[in-house]
Amino acid sequence: MNEIKCESCGFLNSAGTSICNKCGMPLDKENDSKLLNMRYDGRAIRSKTKNTSIVDKIWNFFSSIKIGVTLIAIALIASAVGTILPQSMYIPTNVVAEEHYRDRYGLAGQIYYQLGFHELYSSWWYLILIALIGISIFIVSLDRGIPLYKALKNQNPKRHIHFLKRQKLFNQYDQYSQEDLDKLVTNIKKRRYKIFEKDGHILAEKGRFSRWGPYVNHAGLIIFLIGTLLRFVPFMYVDEFVWVREGETAIIPGTSQQYYVENQEFIFETYGNDEEDAKFSEILSQQNSAIPKHFETKAVIYEDVSEGVIGSEPELEEVASGEIIVNKPIQFGGFALYQDSYQLNEFQSMSFKLHETTDENEASIVEFTVDLTNPDSVYTFENGFRIELDQYYPDYILDDDGTPRSQTNYPRNPAFVFFVYPPGESDPEASFLAIGQNIDGTGENTYKLGLTNFDVRDVSGLNVTKDLTLPVIGLGAFIFMIGVIQGMYWQHRRIWIHPAQGKLFIASHTNKNWYGMTNEFEKIITNTKFSMLQDQEKVTKDN
Amino acid sequence: MDKIEQANKTKKNKKRNRLIYRTSILTVLFGALLFALISNLMADDETLDVGDKAPDFQLTHLNGGQSETIRLGDLKGKGVMLNFWATYCEPCEREMPYMETLYPEYKQKGVEIIAVSVDATELVIDKFVEQYGLSFPVLHDNNSLVMDAYGIRPLPTTFFIDENGVIVERVMGELTLENLEGYLQKIEPS
Amino acid sequence: MEDLIVWSSRLLYTAFIIYLIATVLFAATIKDKRHEKTFSKIHILAISTTILGFFAQLGYFITRWIASGHAPVSNMFEFVTFFGMMLVLAFIILYFIYRIELLGLFALPIALLIIGYASMYPRDISPLVPSLKSHWLYIHVTTVALGEAILAVSFVAGIIYLIRQIDQSRTSLKTICLEIIMYSIFATIGFVIVTTAFSISDYSSTFEYNVEGQPSELEYHLPPIFGPSEGQLLTENRMDALLPTPEWMLGAEAPRKFNTLVWSLLAGIVLYIGMRLILRKRIAAAIQPFLRKANPELLDEVCYRAVAIGFPVFTLGGLIFAAIWAQEAWNRYWGWDPKEVWALITWFFYAIFLHLRLTVGWHGERSAWFAVVGFAIIMFNLIVVNLVLAGLHSYA
């Protein structure tokens with residue numbers, strides 16, 4: 001593995017070089033008749049050099065494009081596997097994941113769960129896979145980008161005749177005048193080529209910058225991946241959720257107890273109530289439920305400026321206010337609150353009246369209202385009646401033993417046990433009331449309670465986020481796009497003109513879009529005496 | 001001779017430089033990979049953990065006769081068992097009697113049991129305390145402030161805090177009588 | 001307003017018929033024995049007709065936009081129609097670069113099929129739920145459609161290349177794969193025919209079944225080969241389902257969609273076998289003689305160039321604009337929703353294509369096969385992901 005000495009000019013090229021870095025003589029003797037491989041302009045890719053230490057071996061492993069492509073292919077297959085069954089974040093939140101996959105998808109679901117595919121995209125091995133692709137991108141780009149940069153920066157306009165002869169587009173002209181040549185060069189210049197000249201040899205070049213495209217887009221990808229890594233840095237990323245009831249002020253989680261949000265009003269509109277919705281009438285009539293048109297929370301954001309310990313009365317100062325609409329979050333102190341979801345018509349209060357069981361007109365004896373968020377336990381009345389709220393279940397269910405209990409904090413299905421003390425009595429009559437139920441404790445109650453009215457309010461679900469990684473990720477994506485466009489929408493075209501022994505040799509190369517190159521050369525030779533370059537690939541095939 | 005030596009020397013230098021350059025790049029890249037991997041595994045564990053200082057708080061005391069407040073910071077010198085619970089949570093309900101059983105004994109030994117309810121309404125807590133005859137302080141975290149500060153996800157979650165205010169143990173889920181006693185012994189002030 | 005909607009669908013029909021005429025004109029150019037590069041009257045006529053058709057469809061798009069108040073890319077019908085329109089646009093662009101008439105002869109029928117396929121979906125103007133009301137939605141969806149359409153041209157060039165180049169004198173894996181592609185085109189035709197036939201005969205039957213524990217009704221417009229699993233037939237005098245739909249199919253109204261798929265595949269088999277009996281050789285072998293004039297190197301370059309042009313557009317629309325919109329609507333730029341994942345898979349796939357072509361030197365046939373598989377992935381994302389996998393995308 002030593003340097004290769006160029007037979008033509010004597011320059012020492014490093015091992016792996018296929019075109020002499022100085023004079024452009026092809027060094028791959030064995031392929032003499034074939035077209036020259038112009039990848040990386042014949043430079044030695046670094047990895048192809050020495051291969052001794054463990055560091056070099058690891059390096060060379062990652063510098064292979066085949067390894068990179070293999071890693072992408074594995075990531076592709078793995079990603080596809082992750083879509084076979086829903087990921088755990090898309091299954092209902094109130095079920096145990098393991099049971100859900102087993103019950104819903106049987107054995108296949110169980111295997112899927114056991115292999116960890118239900119959280120595939122956050123699994124350690126998927127993460128490693130993506131990281132390895134990142135490492136591969138980095139090393140591949142360094143290994144190829146630097147030699148290519150050097151090769152293109154120090155191009156010798158004078159290339160060896162063999163170099164020209166082994167280009168795809170080539171022709172030789174036995175007779176030409178200086179005038180013809182000048183005309184040709186003028187035409188080339190008109191096509192906005194840069195001209196380099198040495199001893200009568202000419203190199204015309206344009207679009208070199210497109211060769212940096214792959215390296216620019218890879219740099220963008222690296223920045224993007226770094227951006228995703230930053231998410232793990234504390235305080236760079238917050239993603240929380242909060243329910244706020246109308247009229248209530250709630251602490252915003254994830255803000256270190258600093259910020260509060262007040263839900264002044266939640267507005268909810270559906271399609272079909274407006275004249276302008278008439279055009280949707282056909283589809284609306286087919287739907288079972290109304291389609292939401294617009295929802296928003298009128299919110300005020302407060303900051304707690306008190307110095308007190310957690311749990312002590314906060315001192316709230318308004319920092320922001322306005323509507324939180326889907327796609328239009330409210331911003332404050334680096335955080336953003338997004339309108340996410342809603343629960344309509346949660347009970348806020350319920351009103352009852354007491355009447356005699358036998359009274360057909362149900363004439364009211366007393367009336368009272370229970371505030372469902374902070375109910376009083378005793379209600380006394382001037383006429384001597386006293387009613388005690390013995391038990392309150394905000395979200396009532398009967399559990400497996402048949403005992404009543406509440407399954408959440410929220411008054412979604414309230415139920416009550418009331419003790420009614422008629423004037424002067426010390427033994428109460430018990431009544432159980434829930435939605436659709438009114439059960440008499442003994443079956444012999446003299447008085448009966450009835451629901452007369454209720455108030456509801458909406459609950460707004462807000463997402464709290466802070467993501468300081470977004471600028472980095474956006475920058476990465478932007479640079480990636482620049483690189484891809486630069487590499488894909490432009491091409492690097494070169495024309496070499498080589499005078500020797502009274503003849504003129506012309507060859508041309510483009511890194512892609514040969515059709516365009518041919519068309520361009522046709523335009524270049526118009527009004528000159530030169531004929532078209534020959535496509536040597538075609539010539540060989542036709543013979 | 002000189003020339004060959006010179007060439008060999010440059011070559012050696014080049015090789016050494018390349019090794020340093022490659023090693024450092026690989027170290028950075030794999031360092032990033034390791035960082036990602038560890039952070040990913042720790043991602044679920046951002047909340048308070050063993051060894052952290054328990055954040056101070058102050059809440060209304062519901063079963064202390066007249067309504068007064070309890071502040072965690074005032075309990076310095078005592079071991080504190082801090083239990084987060086709610087009336088609608090069945091495992092919480094099951095472990096309450098164990099706490100009640102052990103409370104008198106450990107109060108003597110300098111351990112305080114504090115149960116912070118995250119229920120929305122005071123009434124349901126009062127009824128619950130009455131039903132189980134709880135004698136240890138039951139506090140009401142009305143605005144979920146303390147719950148947020150302690151990063152509580154599942155209920156019940158219990159912290160065992162030593163006399164210096166440092167979290168010695170964090171238990172997510174239901175306690176049994178036996179392991180509850182074991183944890184309480186851990187935080188007895190020496 | 002009503003008028004506008006009527007006009008809008010008239011324009012779409014017009015566009016459809018003009019494309020059909022343009023296809024015939026492109027077919028006529030093949031018979032034209034003159035040199036490739038001459039630009040004779042028939043060529044001018046063919047491409048002008050195509051452009052006219054494109055403008056007619058653009059008219060449909062604009063009038064529908066005005067009528068509905070939002071860009072008509074918000075349900076399956078609108079999106080797929082738009083995709084067909086973008087395919088025509090992509091063809092026009094590449095035609096002006098390369099002047100290959102054959103491309104038109106293949107691209108236009110595929111665009112016709114796509115528009116035909118789209119029109120089998122409900123065509124009512126539908127309202128937008130709040131999270132879809134964003135300019136980024138339009139930007140995202142239109143760019144994706146354009147990117148995918150340009151990539152589809154790569155498929156068109158690839159398939160012409162394959163039909164021309166693959167040795168049809170004996171049966172091989174390659175000829176079988178090619179026939180499978182031919183069959184899938186027949187299945188799409190089958191879908192259009194079957195759906196149209198039963199819709200003319202006004203067929204409908206309703207089932208009741210459970211979705212996530214909620215009882216709901218599902219209306220079939222094709223006789224149910226596959227009914228909802230544990231479904232109850234509600235309509236009288238109609239055939240009951242022969243077989244239940246597998247339960248792992250989760251998409252909205254999956255049983256009906258699955259039933260339609262089975263119908264299309266069966267109709268495709270009938271059409272394909274019929275065609276084979278008429279031609280007495282493989283479909284691709286029958287087409288091959290017409291492609292002799294085509295220049296395979298040029299086709300290979302078009303196949304690659306379309307990817308080179310389409311890949312950045314797809315990245316921008318399918319990943320970057322999608323991420324911006326997702327960030328705005330759900331405040332996370334990436335959520336591993338099946339549709340998103342399949343966009344990523346498409347992106348990975350074309351990245352592999354480009355790397356293999358640019359650095360490992362995969363040209364010609366391999367490259368053409370890649371273009372075909374790439375298009376299959378795009379179609380999978382458009383059709384199968386909606387059918388089998390539940391997700392956030394509204395169509396869906």
Side-chain angles (χ1 to χ4, degrees), chain A residues 37 39 65-66 68-69 72-73 75-76 79-80 82-87 89-90 92 104-105 108 121 214 239 271 276-280 282-284 286 288 291-295 325-327 329 336 338-340 463 465 467 470 473 477 480-481 484-485 488-489 512-516 537-538, chain C residues 1-2 5 67-69 97-98 122 124-131 133-134 136 212 216-217 247-248 250 297-298 301-302 304-305 308-309 311-312 315-316 319-320 323 327-333 335-338 341-342 344-345 348-349 351-352 355-356 358-361 385 389-391:
Chain A
N37 186 344
R39 228 170 282 147
I65 289 201
K66 280 183 186 147
V69 167
I72 299 176
L76 187 157
S79 308
T83 62
I84 295 174
L85 295 183
Q87 291 290 297
M89 58 194 144
Y90 289 115
R104 187 102 197 237
Y105 311 105
Y121 304 112
D239 181 16
Y271 280 100
E276 60 174 44
D277 296 341
K279 61 196 174 206
F280 303 126
E282 213 155 319
I283 223 136
L284 291 173
Q286 291 164 17
N288 299 328
I291 300 174
K293 181 181 186 179
H294 175 88
F295 52 96
I325 311 173
V326 183
N327 294 337
Y338 283 78
Q339 183 69 56
D340 184 274
N463 228 317
T465 54
D467 195 348
L470 282 181
I473 284 178
F480 174 81
M481 273 321 295
V484 171
I485 289 170
M488 290 292 170
Y489 293 174
K512 60 173 167 295
N513 188 8
W514 288 93
Y515 180 81
E537 216 163 29
K538 226 180 202 169
Chain C
M1 201 56 88
E2 284 294 313
I5 297 168
S68 69
I97 301 177
Y98 289 106
D124 301 316
I125 290 179
S126 51
L128 289 182
V129 296
S131 67
K133 284 180 188 165
S134 158
W136 283 108
E212 310 268 342
S216 45
E217 286 186 5
E247 283 181 42
W248 44 264
L250 290 176
E297 264 122 73
L298 195 56
E301 190 173 317
V302 173
Y304 161 64
R305 195 78 192 287
I309 298 172
F311 182 74
T315 312
L316 197 63
L319 299 174
I320 296 178
Q327 180 68 35
E328 200 183 73
W330 298 292
N331 74 18
R332 85 276 180 294
Y333 52 85
W336 299 110
D337 169 73
V341 175
W342 277 94
L344 181 68
I345 288 171
F348 276 154
F349 184 84
I352 293 174
H355 281 98
L356 287 178
L358 293 172
T359 66
V360 189
V385 170
L389 313 161

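Excluded from the calculations below are hydrogen atoms, water molecules and symmetry mates; all remaining heavy atoms, backbone and side chain alike, are included. All chains are named by letter (A, B, ...) in the order of the sequence lines, taking the proteins before the strands, and each is independently numbered beginning at 1.
Proximity to chain A is limited to the side chain of Leu344(C), based on heavy atoms less than 4.5 angstrom apart. Looking at Tyr333(C), only its side chain comes within 4.5 Å of chain A, counting heavy atoms on both sides. Heavy atoms of Ile320(C) lying under 4.5 Å from chain A belong exclusively to its side chain. For chain A, the nearby parts of Leu128(C) are the backbone and the side chain; heavy atoms of each come within less than 4.5 Å. Proximity to chain A (any heavy atom under 4.5 Å) is restricted, for Tyr304(C), to the side chain, taken from C-beta onward.
With values rounded to the nearest 0.5 angstrom, Gln327(C) atom CD is found 4.5 Å from Leu470(A) atom CG. Taking CG from Leu358(C) and CE from Met488(A), the interatomic distance works out to 6.0 Å, rounded to the nearest 0.5 Å.
Scored by the side-chain contact (heavy atoms from CB on, under 4.5 Å) test, Ile72(A) finds Ile133(A), Phe348(C), Ile352(C) as partners (sequence neighbours excluded). Scanning for ring-ring contact (aromatic ring centres under 6.0 Å, His included) contacts around Tyr121(A) gives Tyr126(A), Trp336(C), with sequence neighbours left out.
Taking chain C as the reference chain and counting heavy-atom pairs below 4.5 Å, the highest number among Val484(A), Ile485(A), Asp239(A) is found for Val484(A). Contacts with chain C were tallied for Ile473(A), Ile325(A), Asp340(A), Asn463(A); Asn463(A) has the most, counting heavy-atom pairs under 4.5 Å.
Across Ile97(C) and Tyr515(A), no two heavy atoms sit closer than the pair O-CE2, 3.1 Å. In terms of heavy-atom proximity, Pro338(C) sits nearest to Thr83(A) at CA-CG2, 4.0 Å.
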